[in-house]
Amino acid sequence: MRILVVGAGAIGGYFGGRLLQAGRDVTFLVRPRRAGELASAGLVIKSPNGDVTLKNPPTVQADALKDKFDVVLLSCKAFDLDDAIKSFAPAVGPNTAIIPMLNGMKHLDILDQKFGKERVLGGLCAIAATLNEKREVVQLQPMQSLNYGERDGKLSDRVKAIDEAFKSGINGAAASQNIMQDMWEKWVFLSSLAASTSLMRTSVGNILAAPGGRDFLLGMLDETSAIATAAGYPPGGSFFERVKGNLTAEGSPMTASMFRDIKAGLPVEADHVIGDLIARADAAKVPVPKLRIAYTHLKAYEKQRAG
């Protein structure tokens with residue numbers, strides 16, 4: 001099975017690196033700068049689950065990409081999606097399966113339109129990882145997961161084959177027969193955390209310690225949950241209780257990567273993670289006043305950054 005990993009940053013570098021370490025046929029689609037870094041220093045992973053240095057990992061640049069691949073693992077940010085699609089399009093053949101690990105749902109429509117719905121699986125990952133100043137992949141916590149599946153819930157032969165390949169190298173890799181529910185539940189949590197910590201510019205614990213903080217956090221969760229419910233994917237059970245626990249844990253240092261990106265002056269996925277939720281809320285006539293304020297805040301930040 002030939003696997004093309006789009007990008008070799010924190011997420012693509014980690015999961016692709018683990019697959020390469022396990023002997024899978026992996027190629028990284030990278031820009032010239034990253035290709036040079038990988039050629040000189042190798043792909044270096046620092047992790048509680050074991051360090052590894054993979055010398056001369058297979059790479060290809062967009063202008064040289066001609067071969068078709070069985071699987072495309074897509075780990076870019078939403079604002080880079082259009083460029084990513086242009087770069088990996090030549091690798092997509094009649095039987096290629098694309099596994100996007102982006103947040104939200106908007107990317108599915110874009111990928112479906114470009115490549116056909118039958119080539120686009122559902123997918124999501126959970127990992128705390130970053131690139132350090134040496135451009136090494138650093139996993140910050142041992143927890144990790146990678147899920148993928150047919151969007152109609154069937155356990156197809158191609159998903160079984162992908163599952164066998166991925167499980168050989170990635171702890172926490174698993175096929176899902178409820179991938180759309182999984183993706184919606186992640187979106188509910190992520191958007192609640194991102195909207196809250198970005199708007200308040202601080203951690204969950206500090207928000208909880210402020211007057212009205214608990215009501216604010218739970219109110220944000222109520223709004224995002226209502227949107228998911230209106231879409232036919234009500235979050236509930238153990239997931240919802242776990243998310244509620246994360247958002248009400250006193251003293252918690254938890255923040256969203258979106259907030260950390262704001263602090264660093266980086267681009268944010270305002271439209272993909274928050275704006276698209278609001279559009280779906282409007283279509284379903286679900287009131288989301290807290291989410292709207294957070295979105296205005298994020299768009300004002302984008303305007304300031306562009307200015």
- Task: Check which hydrophobic residues are tied to Met143 through side-chain heavy-atom contacts below 4.5 Å, counting indirect links as well, and list them.
- Result: none

Say you draw a straight line from [atom1] of [X] to [atom2] of [Y]; how long is it, rounded to the nearest 0.5 Å?
{"X": "Ile162", "Y": "Asp157", "atom1": "CD1", "atom2": "CG", "result": "11.0 Å"}
{"X": "Ile45", "Y": "Tyr14", "atom1": "CD1", "atom2": "OH", "result": "6.5 Å"}
{"X": "Leu298", "Y": "Phe259", "atom1": "CG", "atom2": "CZ", "result": "12.0 Å"}
{"X": "Lys46", "Y": "Leu140", "atom1": "NZ", "atom2": "CG", "result": "14.0 Å"}

- Task: Check whether Ile179 and Phe166 end up in the same hydrophobic cluster, where Ile, Leu, Val, Met, Phe, Trp and Tyr are linked by side-chain heavy atoms less than 4.5 Å apart.
- Result: no

- Examine the side chains of His297 and Arg292 and answer whether a donor and an acceptor come within less than 3.5 Å of each other. no

- Task: Verify the distance criterion only: is there a donor paired with an acceptor across the side chains of Thr255 and Arg260 at less than 3.5 Å?
- Result: yes

Can you list every pair that meets side chain to side chain donor-acceptor pair (under 3.5 Å) and has a residue in [range], with sequence neighbours left out?
{"range": "residues 108-124", "value": "Asp112-Arg151"}
{"range": "residues 168-178", "value": "Arg24-Ser168, Ser176-Asp182"}
{"range": "residues 218-229", "value": "Ser192-Thr224"}
{"range": "residues 88-107", "value": "Asn103-Lys186, His107-His272"}

- Query: Is any side-chain heavy atom of Phe15 less than 4.5 Å from a side-chain heavy atom of Ile127?
  - Reply: yes

- Query: Does a side-chain N-to-carboxylate-O contact under 4.0 Å join Glu37 and Arg33?
  - Reply: yes

- Query: Hey, is Lys77 close enough to Asp83 for a salt bridge, meaning N to O under 4.0 Å?
  - Reply: no

- Criterion side-chain contact (heavy atoms from CB on, under 4.5 Å) against Leu74, the qualifying member of Val120, Ile99, Leu111: Leu111

- Message: So that I know where these two stand, are Phe240 and Phe189 an aromatic pair - ring centroids less than 6.0 Å apart?
- Response: no

- Does the pair Val60 and Leu4 meet the rule for a side chain to side chain contact (heavy atoms under 4.5 Å, CB included), with working shown? CA-CA 9 Å; Val60 64; Leu4 182 70; 4.2 Å; yes

- For Lys299, salt bridge (Lys or Arg N to Asp or Glu O under 4.0 Å) partners two or more places apart: Asp271, Glu302

